[in-house]
Protein chains: 2
Amino acid sequence: MRISELARRTGLSAHTLRFYEKQGLVSHRSRSESGYRDYDETDLRRVEFVRAARNVGFSLEDIATLLSIRVDKNSHSCEEVAGITRRKLAEVEARLRELRSMKKTLGILLDSCCGGPESAVHCSIMEALEHGQLSGPMSEPAGPVHRRANASVRQA
Amino acid sequence: MRISELARRTGLSAHTLRFYEKQGLVSHRSRSESGYRDYDETDLRRVEFVRAARNVGFSLEDIATLLSIRVDKNSHSCEEVAGITRRKLAEVEARLRELRSMKKTLGILLDSCCGGPESAVHCSIMEALEHGQLSGPMSEPAGPVHRRANASVRQA
DNA sequence: CTTGACCTTGGAGCCAAGTCAAAGGTTATA
DNA sequence: TATAACCTTTGACTTGGCTCCAAGGTCAAG
């Protein structure tokens, strides 16, 4: 199959597939005479693996590692795989703590503010930001828990 | 006061303060004869406002808007301020939903895996990623809830 | 007077994960 | 045969928030 069919079947864009190829995540068995990438079912399964891992929040770097394990499972242990997963979970949890703290503060701000068409001169949100006794910066900012920007919202 | 004192008093780096100046968030009343930025208490309060807003999760763009409200509160309403805050809260909540879903999936993966030194040939995490019946991509990926990269971890 | 810490500027680089554009070759359909 | 829809490549651009660099000027202490 060619790239656009693979794109259709995986829900990724052809752009993204080529990008993943550049990153060494995805490849193709061969090329057609005219130079088109030619994918088979094995390639498809690999891309689906990438997609599944990405949906769980793994970075492309993590995914590269997972793929290298995948192609030679005998030489790798559950420990490795679980380690990567545990690390990602810790990142996600750290980010969750940050966001929960933000959510709480934002909620308090909103509750304190009338939100009406009155002048902002006495706005309690502005006041709170001025004399910021709003919960501090939460020790160490968490590591990267990567955002999927606008994946799969390809428009024509 | 000069930039490094302002940096010390606000907990931001001098780099960051200059960067914020370039973004139009922060300024200084004047320059010393030799061209050094000269800040006063008013500038300090403005920077503290920026910092407070940033800690709550507002983007620099949001902060620019909030600052423009701050300098002329009479011409703005609580409604505007609350609107910005509500929008940010919605973003944070959307991102929280994503991350909670990831956390849940990662937890399930970890629970299913022995995590031991055994070969990964039968690793249940790998298997789950292969035949990904892992919760899909959550409709629309949430908007930007900006990360503070490594703020205030300035090293020499 | 020297040393070292500070300050100035503009611009480049970093991260992740794409996204797009240009300029052209190929193939399927009408 | 024309035309549209595909495919190819390289490489630059995006976003947000910094972070660093070079190359030089200023200033206070010893």
Side-chain angles (χ1 to χ4, degrees), chain A residues 1-8 10-26 28 30-39 50-51 53-55 57-64 88 91 95 98 137 141-156, chain B residues 1-8 10-26 28 30-39 50-51 53-55 57-64 88 91 95 98 137 141-156:
Chain A
M1 95 194 71
R2 295 204 302 224
I3 199 166
S4 60
E5 190 181 343
L6 184 63
R8 196 182 46 67
T10 58
L12 300 172
S13 74
H15 282 305
T16 298
L17 288 170
R18 285 191 211 100
F19 170 72
Y20 283 176
E21 181 177 319
K22 231 187 319 189
Q23 308 301 303
L25 300 183
V26 175
H28 44 86
S30 54
R31 295 272 187 164
S32 77
E33 281 180 28
S34 43
Y36 291 2
R37 290 169 181 81
D38 189 15
Y39 301 93
V50 170
R51 219 179 94 86
R54 197 198 60 170
N55 283 339
F58 286 116
S59 67
L60 299 191
E61 199 186 336
D62 287 336
I63 295 175
K88 178 53 63 178
E91 276 174 25
R95 184 78 178 122
E98 278 193 3
V145 174
H146 310 300
R147 307 245 34 267
R148 271 165 298 133
N150 263 334
S152 71
V153 188
R154 321 151 262 168
Q155 65 285 42
Chain B
M1 93 194 73
R2 296 204 301 224
I3 199 167
S4 59
E5 190 181 343
L6 184 64
R8 197 182 45 68
T10 58
L12 301 172
S13 75
H15 283 305
T16 298
L17 288 169
R18 282 190 212 101
F19 170 72
Y20 284 177
E21 180 177 320
K22 231 187 318 191
Q23 307 301 303
L25 300 183
V26 175
H28 43 87
S30 53
R31 294 272 186 161
S32 76
E33 280 179 28
S34 43
Y36 290 3
R37 290 169 180 81
D38 189 14
Y39 301 93
V50 170
R51 217 177 97 84
R54 196 198 60 171
N55 283 339
F58 287 117
S59 68
L60 299 191
E61 199 185 335
D62 287 336
I63 294 175
K88 177 54 62 178
E91 276 174 25
R95 185 75 179 125
E98 279 192 1
V145 173
H146 308 303
R147 310 243 32 267
R148 271 163 301 134
N150 263 335
S152 71
V153 187
R154 321 152 262 169
Q155 64 285 43

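Numbers restart at 1 for each chain; the letters A, B, ... are given by sequence-line order, proteins then strands. For the numbers below, each heavy atom of this structure counts, side chains included, while hydrogens, waters and symmetry mates do not.
- Closest to the side chain of A:Arg31, out of D:dT19, D:dT9, C:dT8, is D:dT9.
- Protein atom CD of B:Gln23 is 14 Å distant from nucleotide atom C1' of C:dG11, rounded to whole Å.
- Considering only side-chain N and O atoms, B:Arg54 lies under 4.0 angstrom from the phosphate OP1 or OP2 of D:dC18.
- Scanning for side-chain hydrogen bond (donor to acceptor under 3.5 Å, both in side chains) contacts around B:Ser32 gives B:Ser34, with sequence neighbours left out.
- Judged as a side-chain hydrogen bond (donor to acceptor under 3.5 Å, both in side chains), and not counting sequence neighbours, the contacts of A:Thr16 are A:Ser13.
- Closest contact between the side chain of B:Arg18 and the listed nucleotides C:dT8, D:dC18, D:dT9 involves C:dT8.
- One finds the CG atom of A:Asp38 at 10.0 Å from the CD atom of A:Glu5 (value rounded to the nearest 0.5 Å).
- Using a 4.0 Å cut-off between a side-chain N of Lys or Arg and a carboxylate O of Asp or Glu, A:Lys88 and A:Glu91 qualify as a salt bridge.
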Summary of protein contacts for nucleotides 21-30 of chain D, nucleotide by nucleotide, where a base hit scores B, a sugar-phosphate-only hit scores S (4.0 Å, heavy atoms): ----BBS---

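- Closest to the side chain of B:Ser4, out of D:dC18, C:dC7, C:dG18, is C:dC7.
- Shown here are the salt bridge (Lys or Arg N to Asp or Glu O under 4.0 Å) partners of A:Glu61, two or more places apart in sequence or in another chain: there are none.
- Residues that satisfy the side-chain contact (heavy atoms from CB on, under 4.5 Å) test with A:Arg18, not counting sequence neighbours, are A:Ile3, A:Ala14, A:His15, A:Arg37.
- Residue B:Arg37 has a polar side-chain atom (N or O) positioned under 4.0 Å from OP1 or OP2 of C:dT8.
- Checking B:Ile3 against A:Glu61, the closest nucleotide of DNA chain C that is more toward the 5' end is the one next to B:Ile3.
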